[in-house]
> 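Please read through the structure below; I'll follow up with questions.
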Amino acid sequence: MRISRDKVDICRARKKKSVADLAEAYGVSRARMNVILNQREVSVVSAGRLADALECDVTEILED
């Protein structure tokens, strides 16, 4: 699945979460979260975990 960094950033802004906050909610280090966000192509499970950490629907962070 391809995630959109822009859409993730919009969800982060809406929830007022930094990358460090997102990493903590996801359960990884801040450095690992940056790798996940920058690779764009993630597994279905990772996309779901990322959406859960952002408290949004997974469709909100997927590329069109």
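Model, not experiment: these values are computed from the prediction.
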> What distance do I10 atom CD1 and S4 atom OG have between them, rounded to the nearest 0.5 Å?
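Between I10 CD1 and S4 OG, I get 7.0 Å after rounding to 0.5 Å.
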> Rounded to the nearest 0.5 Å, how far apart are CG of L22 and CG of L54?
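Those atoms lie 5.0 Å apart.
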> Identify, with sequence neighbours excluded, every residue that meets salt bridge (charged side-chain N to carboxylate O under 4.0 Å, His left out) alongside R49.
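Checked R49 against salt bridge (charged side-chain N to carboxylate O under 4.0 Å, His left out); zero matches.
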> Using the test side-chain contact (heavy atoms from CB on, under 4.5 Å), find all partners of V44 that sit at least two apart in sequence or belong to another chain.
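Only M1 meet the side-chain contact (heavy atoms from CB on, under 4.5 Å) criterion with V44.
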> Any side-chain heavy-atom pair from M33 and L50 closer than 4.5 angstrom?
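With C-beta onward as the side chain, the pair touches.
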> Apply side-chain contact (heavy atoms from CB on, under 4.5 Å) to D64 and list each qualifying residue two or more places apart in sequence or on a separate chain.
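Applying side-chain contact (heavy atoms from CB on, under 4.5 Å) to D64 gives K7.
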> Using the salt bridge (charged side-chain N to carboxylate O under 4.0 Å, His left out) criterion, which residues pair with R30? Sequence neighbours excluded.
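None.
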> With sequence neighbours left out, what residues match S29 under side-chain hydrogen bond (donor to acceptor under 3.5 Å, both in side chains)?
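Expected list: none.
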> Could you pull out the closest heavy-atom pair between V42 and Q39, with the gap in Å?
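Closest heavy-atom pair between V42 and Q39: CG1-NE2, 3.6 Å.
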> Quick one: does any side-chain atom of K17 pair with a main-chain N or O of A53 as donor and acceptor, under 3.5 Å?
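Yes, the answer is positive, given that a donor and an acceptor are paired below the 3.5 Å cut-off.
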> For R2, enumerate each residue passing the side-chain hydrogen bond (donor to acceptor under 3.5 Å, both in side chains) test, keeping only those at least two apart in sequence or located in another chain.
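Result, side-chain hydrogen bond (donor to acceptor under 3.5 Å, both in side chains) vs R2: E41.
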> Over all heavy atoms of both residues, which pair between I61 and A51 is shortest? Give the atoms and the distance, please.
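Of all heavy-atom pairs spanning I61 and A51, the closest is CD1-N, 4.0 Å.
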> Ignoring hydrogens and angles, tell me if any N or O in the side chain of D21 forms a donor-acceptor pair with the backbone of S18 under 3.5 Å.
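Answer holds: yes.
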> If a pair satisfies side chain to side chain donor-acceptor pair (under 3.5 Å) and one of its residues is in residues 51-63, list it, with sequence neighbours excluded.
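Qualifying pairs, neighbours excluded: R14-E60, R40-E63, D57-T59.
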